[in-house]
Amino acid sequence: MRKSRFSEEQIIGILKEHQAGIGAKELCRKHGISDGTFYKWRSKYGGMEVSEAKRLKALEAENAKLKKMLAEQMLDVATLKEMLGKNF
């Protein structure tokens, strides 16, 4: 996945500018982003503070780590079941 050139702080700052009354098209032109990117950010970070965004990122990373561990364990269990089936 491509790394964003904007940090969470910058994204939330842009969204706060929009809440202050600046139009979406004008913000997109000013910061060099597409309309789709702006609306995706708004759906993900809308109404958040910087600390909440950092917590969200930490939770997403932890969730990905746990999913990977679960997949590895399921693979180990499947391998063990297959090996036990062949021995008998």
Side-chain angles (χ1 to χ4, degrees):
M1 190 168 114
R2 195 175 124 178
K3 182 174 170 29
S4 174
R5 62 183 182 154
F6 293 96
S7 67
E8 286 90 10
E9 295 89 3
Q10 293 171 323
I11 292 170
I12 292 173
I14 292 169
L15 294 175
K16 286 189 179 187
E17 286 181 46
H18 178 66
Q19 290 174 347
I22 300 175
K25 295 264 186 205
E26 187 178 335
L27 276 174
C28 292
R29 209 170 320 123
K30 177 181 172 185
H31 295 286
I33 58 174
S34 69
D35 289 342
T37 300
F38 174 78
Y39 290 112
K40 185 167 50 166
W41 287 351
R42 192 174 77 173
S43 68
K44 185 172 182 177
Y45 297 107
M48 280 189 181
E49 293 297 323
V50 175
S51 61
E52 294 170 336
K54 287 185 180 195
R55 178 75 177 135
L56 174 66
K57 189 172 183 178
L59 287 172
E60 287 175 343
E62 182 182 6
N63 192 27
K65 180 181 170 187
L66 291 172
K67 283 183 178 182
K68 183 178 177 184
M69 287 173 52
L70 176 65
E72 289 172 353
Q73 289 298 321
M74 290 175 69
L75 186 60
D76 290 344
V77 167
T79 304
L80 288 172
K81 283 183 179 179
E82 183 179 324
M83 294 304 289
L84 283 175
K86 288 183 179 178
N87 288 340
F88 295 112

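Quick note: residue numbers are just sequence positions, from 1.
Remark: the backbone N or O of Ser7 is paired with a side-chain donor or acceptor of Gln10 at under 3.5 angstrom.
Rounded to the nearest 0.5 angstrom, Leu84 CG and Thr79 OG1 are separated by 11.0 Å. One finds the CD atom of Gln73 at 11.5 Å from the CG atom of Leu66 (value rounded to the nearest 0.5 Å).
Of all the heavy atoms in Cys28 and Ser34, the pair that sits closest is SG-O, 3.7 Å. Contact record, Ile14 with Leu27: O-CD1, 3.6 Å, taken as the closest heavy-atom pair.
Taking the side chain as every heavy atom from C-beta outward, Leu56 and Lys44 approach each other to under 4.5 Å. Glu62 places a side-chain heavy atom less than 4.5 Å from the side chain of Leu59. At a threshold of 4.5 Å between non-hydrogen side-chain atoms, the residues Leu15 and Phe38 count as touching.
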side-chain contact (heavy atoms from CB on, under 4.5 Å) evaluation trace for Trp41 with Ile33: CA-CA 11 Å; Trp41 287 351; Ile33 58 174; 3.5 Å; yes

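In this structure Tyr45 satisfies the ring pair (Phe, Tyr, Trp, His ring centres under 6.0 Å) test with no other residue, sequence neighbours excluded.
Within the structure, the salt bridge (Lys or Arg N to Asp or Glu O under 4.0 Å) test picks out the following pairs touching residues 11-40 (sequence neighbours left out): Lys16-Glu49, Glu17-Lys30, Lys25-Asp35.
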